[in-house]
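Since the structure comes first, as structure tokens, the remarks are kept for the end.
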Amino acid sequence: MADIVERYDIPQQLFWLHGPRQGRPVEFDAATGLWNVYGYPELHQVLGDPTTFSSDTMRVTRKLMPETDELSMEGFITQIDPPEHGKLRKLVSSAFTRKVVADLEPRIAALTHELLDAAAERGRLELVTDLAYPLPVIVIAELLGVPASDRALFKQWADGLFDHEGKISLAEPSEDRGADVQAALKPWKEMSHYLATHAAERRTRPRADLLTKLVEAEVDGERLPDDQVVNFAIVLLLAGHVTTTMLLGNTVLCLDAFPEQQDRVRADRSSVPAVIEESLRLLTPFAALARSTTREVELGGETIPADQLVMCWLGQANRDPRQFPDPGVFDPERDPNPHLAFGRGIHFCLGAPLARLEGRVALGILLDRLDPLRADPDEPVEFIPTPTMTGVRRLPLLWPQR
């Protein structure tokens, strides 16, 4: 793992990539007011117990945040607990069945070739801008029913919400927290207005898309309120492309850093899924998520009181040597590989099958068209600096000369 850190000059704030932790699997950080869970079995317990570890973190953070009426979490499925969570999840689960996802493979392959053809004309390929970002955003936009041509807007909003170097803390001055909230509100409001406009149009002119399904859906005999429809659509739009963008960049990075593994997957394309799974473990895209305790609980030898914010470090847990021998080694033959990159339990990533399919198809085509698959040594790799995310935001590749 040190080879990747040194080779690509990984930012220090992505601390989980800089070697194994020497501390305890569960620790309280007085400087931030957070409980941090780093261990695999401990995190496995947290994600499997939604009653004790609630996804509704706003119930804790709301008391510490500046007052605002502009941030509604209604319909934001990642922040909802049972039984409401199950009801909302069922609304779109049919859009991500195995058959529906499998039927998207020809479209994903065609898009990948189109995007690489455009790069070939330029004679160079910057993986994120030219493929890893546009591919999944076009797919999810088409599923949702919004114009894929607006993808520059989607990236602008995603960057505004995710791409920052801020450290998560409940102990910082309230005015600083207020500045963070206001910074996030601008892209949030713009995205909400955009999707609300499309949702309103679906109420009078329905189509065969996910947004229409949300507008027409009923829970307990009632249609979803407008803010729930919009927030649900925001989750689908953002989560539907950000994970795959990071997954693709991280997997190519691993194959560049470990050329012997690239040779192996070229010789045996059936190993592409295993390469992707090991990339997800080693360079976990969403490296952390939050939960809030509803009662006092014992975890990893520590007693966590009720109403505490718990940071679940998926990226660190996926390198716990108690679960993964030689955790810093990129080993696609690792079997089993029960990583937590897509979460666990009732909040297991709804779009995981789609992300895996997009990764498998795109990586296979990249291996066909670029031999070798190599980062440009004259242009540095740039990482997303956000502490809770692991991914590249710029990865120039060498285009092989004919």
Listed pairs under 3.5 Å, donor-acceptor, residues 335-343 side chains, sequence neighbours left out:
from   : atom 1 : to     : atom 2 : distance (Å)
Asn337 : ND2    : Glu278 : OE1    : 3.3
His339 : ND1    : Ala341 : N      : 3.1
His339 : NE2    : Glu277 : OE1    : 2.6

Identify each donor-acceptor pair in which a side-chain atom of residues 108-116 lies under 3.5 Å from a protein atom, sequence neighbours left out, and give them as a table.
from   : atom 1 : to     : atom 2 : distance (Å)
Thr112 : OG1    : Ile108 : O      : 2.8
His113 : ND1    : Arg369 : NH1    : 3.2

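Under the 6.0 Å distance and 45° angle rule, Arg281 counts as a cation-pi partner of Phe324.
Applying the salt bridge (Lys or Arg N to Asp or Glu O under 4.0 Å) criterion to Glu216, with sequence neighbours excluded, gives no partner residue. For Asp56, there are no salt bridge (Lys or Arg N to Asp or Glu O under 4.0 Å) partners, not counting sequence neighbours. With sequence neighbours left out, Phe96 forms a ring pair (Phe, Tyr, Trp, His ring centres under 6.0 Å) with no residue at all.
Using a 4.5 Å cut-off on side-chain heavy atoms (C-beta onward), Leu88 and Gln228 make contact. Counting heavy atoms from C-beta on, the side chains of Asp226 and Arg203 come closer than 4.5 Å. Put simply, the side chain of Asn36 does not reach to within 4.5 Å of the side chain of Val310, judged on heavy atoms. Between Met191 and Leu238 the shortest side-chain heavy-atom distance falls below 4.5 Å. In this structure the side chain of Trp188 reaches within 4.5 angstrom of the side chain of Asn231, judged on heavy atoms. When side chains are defined from C-beta on, Val37 does not count as touching Gln316, because their heavy atoms never get closer than 4.5 Å. Here the side chains of Pro396 and Leu125 are not in contact, with every heavy-atom distance at 4.5 Å or above. Counting only heavy atoms from C-beta outward, the side chains of Ile384 and Thr390 never approach each other to under 4.5 Å.
A salt bridge is defined here as a Lys NZ or Arg NE, NH1 or NH2 lying under 4.0 Å from an Asp or Glu carboxylate O, and Glu42 with Arg24 fails to meet this definition. At a threshold of 4.0 Å, the pair Glu126-Arg393 does not count as salt-bridged, since none of the basic side-chain nitrogens sits closer than that to a carboxylate oxygen. Ion pairing of Asp307 with Arg59 is present here, as a side-chain N (NZ or NE/NH1/NH2) and a carboxylate O approach within less than 4.0 Å. Between Lys213 and Asp209 there is no salt bridge, since none of the side-chain N atoms of the basic residue sits less than 4.0 Å from a carboxylate O of the acidic one. With respect to Arg269 and Asp368, a salt bridge is recorded, a charged nitrogen being found less than 4.0 Å from a carboxylate O.
For the side-chain contact (heavy atoms from CB on, under 4.5 Å) with Val392, the qualifying choice from Leu127, Leu283, Val381 is Val381, the only one to do so.
Atom CG of Leu314 is separated from atom CG of Leu47 by 6.5 Å, given to the nearest 0.5 angstrom. Here the CG atom belonging to Leu299 is positioned 5.0 Å from the CD1 atom belonging to Ile304, to the nearest 0.5 angstrom. We find the CZ-SG distance between Phe286 and Cys349 to be 9.0 Å, quoted to the nearest 0.5 Å. Atom CZ in Arg107 sits 10.0 Å away from atom CG in Leu104 (nearest 0.5 Å). Annotation: the span from Asp150 atom CG to Lys155 atom NZ amounts to 15.5 Å, rounded to 0.5 Å.
In plain terms, the two heavy atoms of Leu363 and Leu248 that are nearest each other are N-CD2, 4.3 Å. Between Ala158 and Val242 the shortest heavy-atom distance is CB-CG2, 4.4 Å. Closest heavy-atom contact between Val229 and Ala199: CG1-CB, 4.1 Å. In terms of heavy atoms, Leu91 sits closest to Ala217 at CD2-CB, 3.6 Å. Across every non-hydrogen atom of Ser192 and Ile234, the tightest pair is OG-CD1, 3.5 Å. For Pro305 against Thr293, the heavy-atom pair with the smallest separation is O-OG1, 2.7 Å.
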Please step through side-chain hydrogen bond (donor to acceptor under 3.5 Å, both in side chains) for the pair Asn250 and Ser279, ending with a clear verdict.
-> CA-CA 6 Å; Asn250 292 346; Ser279 164; 5.3 Å; no

Worked check of side-chain hydrogen bond (donor to acceptor under 3.5 Å, both in side chains) between Thr57 and Gln79 | CA-CA 7 Å; Thr57 57; Gln79 286 278 319; 3.0 Å; yes

Steps toward side chain to side chain contact (heavy atoms under 4.5 Å, CB included) verdict (Arg374, Leu255) = CA-CA 8 Å; Arg374 288 286 182 265; Leu255 293 180; over 6 Å; no

List the steps and the verdict of side chain to side chain contact (heavy atoms under 4.5 Å, CB included) for Val230 and His193.
-> CA-CA 8 Å; Val230 169; His193 176 73; over 6 Å; no

Side chain to side chain contact (heavy atoms under 4.5 Å, CB included) between Phe28 and Leu34: does it pass, once the steps are laid out?
-> CA-CA 6 Å; Phe28 179 70; Leu34 303 174; over 6 Å; no

Applying side chain to side chain contact (heavy atoms under 4.5 Å, CB included), run through Leu350 and Ile77 and close with a yes or a no.
-> CA-CA 10 Å; Leu350 187 65; Ile77 193 169; 5.8 Å; no

From CA spacing to verdict: side-chain hydrogen bond (donor to acceptor under 3.5 Å, both in side chains), Glu190, Trp157 | CA-CA 8 Å; Glu190 291 176 357; Trp157 294 329; 2.9 Å; yes

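Residues Phe154 and Tyr194 bring their aromatic ring centres within 6.0 Å.
Within 6.0 Å of CZ on Arg205 lie no more than 12 heavy atoms contributed by other residues, nucleotides or ligands. Remark: Lys87 NZ is packed, more than 12 non-hydrogen atoms of other residues, nucleotides or ligands lying under 6.0 Å away. Annotation for Asp326: atom CG does not count as buried by contact number, only 12 or fewer foreign heavy atoms lying within 6.0 Å.
For residues 232-247, the side chain to side chain donor-acceptor pair (under 3.5 Å) pairs, not counting sequence neighbours, are Thr244-Glu358.
Asp268 and Ser271 share no side-chain donor-acceptor pair at under 3.5 Å. Side chains of Asp256 and Tyr8: a donor-acceptor N/O pair is present below 3.5 angstrom, by distance only. Defined by atom type and a distance below 3.5 Å, a donor-acceptor pair is present between the side-chain atoms of Arg295 and Thr52. With hydrogens and angles left out, the side-chain atoms of Ser55 and His347 include a donor and acceptor closer than 3.5 Å. Judged by distance alone, the side chains of Ser292 and Gln308 never bring a donor and an acceptor atom under 3.5 Å apart.
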